[in-house]
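Counting convention: from 1, in listed order, for ligands and their atoms alike.
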Amino acid sequence: MKEKIDSLRESFEQELSRTMSSDAVEQLRVAYLGKKGSVTGLLKSLKDVGAQEKKELGQHINQLKKQVEERLAQRVESIRAAEEQREIAAVERYDVTLPSKGLTGSYHPITLVQRQLEEIFSSMGFIVEDFKEIVTDYECFEAVNIPKDHPARDMQDTYYLENGQLLKTHTSAAQNFILQKYGAPVRAIFPGRCFRNEATDASHETTFFQMEGIMVDKNISISNLIYFMKTMLSQVFEREVKVRLRPGFFPFVEPGFELDINCLICGGEGCSTCHHSGWVELCPCGMIHPNVLKMGGVDPEEYTGFAFGLGLTRLVMMKYGVKDIRDLNSGNLKALSQFQQA
Ligand code: PHE
């Protein structure tokens with residue numbers, strides 16, 4: 001029996017060295033360790049030997065079994081590594097340093113304006129944060145002072161996943177995360193794609209971009225908010241822009257405002273983009289509600305702050321004179337490739 005074990009070990013090693021695919025290794029495993037495999041057969045035949053021998057042979061066979069298992073695993077591993085190497089070698093390679101043949105792409109206008117805003121705000125000491133698009137009910141609503149069944153939720157119907165998560169309706173969904181992450185004082189902007197259940201028309205889309213900003217510190221007031229908004233808008237539009245503040249309600253700010261700018265498409269005369277009012281709602285904003293600060297771990301007795309939710313998509317439309325919001329998501333290169341960073 002001892003010889004049988006040794007010769008089995010030898011033949012296993014030989015066969016193993018000939019395997020070239022994970023399938024072949026699996027076949028070998030079945031042939032040796034399967035129900036009818038040779039090693040299994042050896043173990044079964046132990047019942048015919050005496051007690052003393054049984055113990056010794058049993059040990060040998062078990063050793064062989066262990067060895068077979070280990071060697072099979074090693075082989076699978078090295079075959080996989082070799083397959084991976086072959087795949088990598090087969091990938092077509094490009095020399096990215098070669099000059100282009102005149103087929104240069106262009107940035108989407110939203111990317112252009114987003115980058116410009118990131119630069120403007122970075123220069124004023126704001127950090128730029130990224131945030132996910134699928135969020136929890138807590139992040140999107142409860143942490144910004146919109147409890148369950150609050151009527152404000154009606155205006156922000158969105159797409160829900162079966163597990164209760166949802167596509168974020170506003171960039172405010174990141175406020176809690178940022179307050180928790182940085183504490184106070186903090187200056188941050190966080191651009192992002194937002195989603196709402198909207199009937200689309202020239203100025204409404206189910207998918208759009210916002211850029212939110214918060215500034216929390218000691219003694220922050222509405223004057224700080226107005227200063228930052230005006231500075232930012234005049235840089236984006238490269239001219240003085242007329243703005244007006246109206247009271248606006250958002251559960252996460254108190255007081256809250258709507259910052260409108262003079263419609264730059266029609267110059268204030270009235271067109272479909274501004275719903276013939278001459279003004280375009282661009283930037284809801286306000287002083288962060290104490291509850292929101294508290295939920296973010298910031299003491300509202302010590303700190304105050306402002307928040308704004310800039311309609312990035314709308315800003316792009318104003319800046320470049322895009323009349324229909326649907327053009328921006330259309331993938332129509334004729335429409336989208338004509339924009340350049342100012
Ligand atoms: N999150 C609000 C919205 O999308 C906008 C907002 C942001 C209002 C920050 C106030 C302060 O409607």
Side-chain angles (χ1 to χ4, degrees), residues 110 114 117 121 126 128-129 131-133 135-147 150-159 166-179 186-198 203-216 220-230 232-233 243-261 280-293 295-296 298 300 303-317 325:
I110 290 187
Q114 180 178 325
L117 283 166
F121 278 105
F126 284 70
V128 183
E129 266 285 340
F131 197 62
K132 52 202 172 168
E133 291 177 352
V135 298
T136 60
D137 186 276
Y138 179 78
E139 289 163 326
C140 202
F141 299 122
E142 298 201 26
V144 285
N145 210 26
I146 312 179
H150 191 288
R153 287 196 181 205
D154 276 0
M155 291 181 293
Q156 300 202 3
D157 187 19
T158 180
Y159 304 90
L166 47 116
L167 298 186
K168 76 171 174 225
T169 57
H170 53 179
T171 39
S172 307
Q175 279 195 18
N176 185 262
F177 165 78
I178 292 191
L179 289 173
V186 62
R187 294 177 192 198
I189 54 163
F190 28 110
R193 190 181 350 223
C194 303
F195 308 85
R196 288 192 200 172
N197 181 5
E198 289 277 2
S203 53
H204 294 89
E205 252 286 19
T206 55
T207 308
F208 55 96
F209 286 81
Q210 290 187 338
M211 177 172 293
E212 186 116 349
I214 57 170
M215 176 171 181
V216 179
I220 296 293
S221 72
I222 298 170
S223 325
N224 299 99
L225 168 64
I226 295 173
Y227 167 78
F228 278 101
M229 293 298 97
K230 277 201 131 177
M232 178 270 292
L233 289 171
V243 300
R244 70 174 186 190
L245 270 186
R246 291 178 288 124
F249 174 71
F250 304 93
F252 35 93
V253 284
E254 180 58 40
F257 307 101
E258 288 283 2
L259 186 141
D260 299 341
I261 66 166
V280 176
E281 251 178 57
L282 191 67
C283 189
C285 50
M287 301 304 293
I288 303 177
H289 196 288
N291 287 352
V292 176
L293 289 175
M295 283 185 272
V298 172
Y303 291 100
T304 50
F306 65 74
F308 60 87
L310 185 65
L312 191 54
T313 299
R314 209 158 272 182
L315 185 66
V316 168
M317 293 172 73
I325 191 171

Open item on the list: Checking R193 now: which residues fulfil side-chain contact (heavy atoms from CB on, under 4.5 Å) with it, not counting sequence neighbours?
Closed with: E133, F195, T207, F209
- [ ] Report yes if the distance between the aromatic ring centroids of F308 and F250 is under 6.0 Å, otherwise no.
- [x] no
Open item on the list: Please output the residues near ligand 1 using a strict heavy-atom distance under 4.0 Å, listed in chain and residue-number order.
Closed with: Q156, H170, S172, R196, Q210, E212, F250, F252, V253, P284, C285, A307, F308, G309
TODO: Could you point out which residue of F131, F208, F190, F252 forms a ring-ring contact (aromatic ring centres under 6.0 Å, His included) with H170?
DONE: F252
TODO: Inspect the contact between E139 and K132 and indicate whether a charged nitrogen and a carboxylate oxygen are less than 4.0 angstrom apart.
DONE: yes
Task: Full working for salt bridge (charged side-chain N to carboxylate O under 4.0 Å, His left out) between R196 and D157 - done: CA-CA 6 Å; R196 288 192 200 172; D157 187 19; over 6 Å; no
- [ ] Mind checking the CD-CD1 spacing from E129 to I214? Nearest 0.5 Å is all I need.
- [x] 9.5 Å
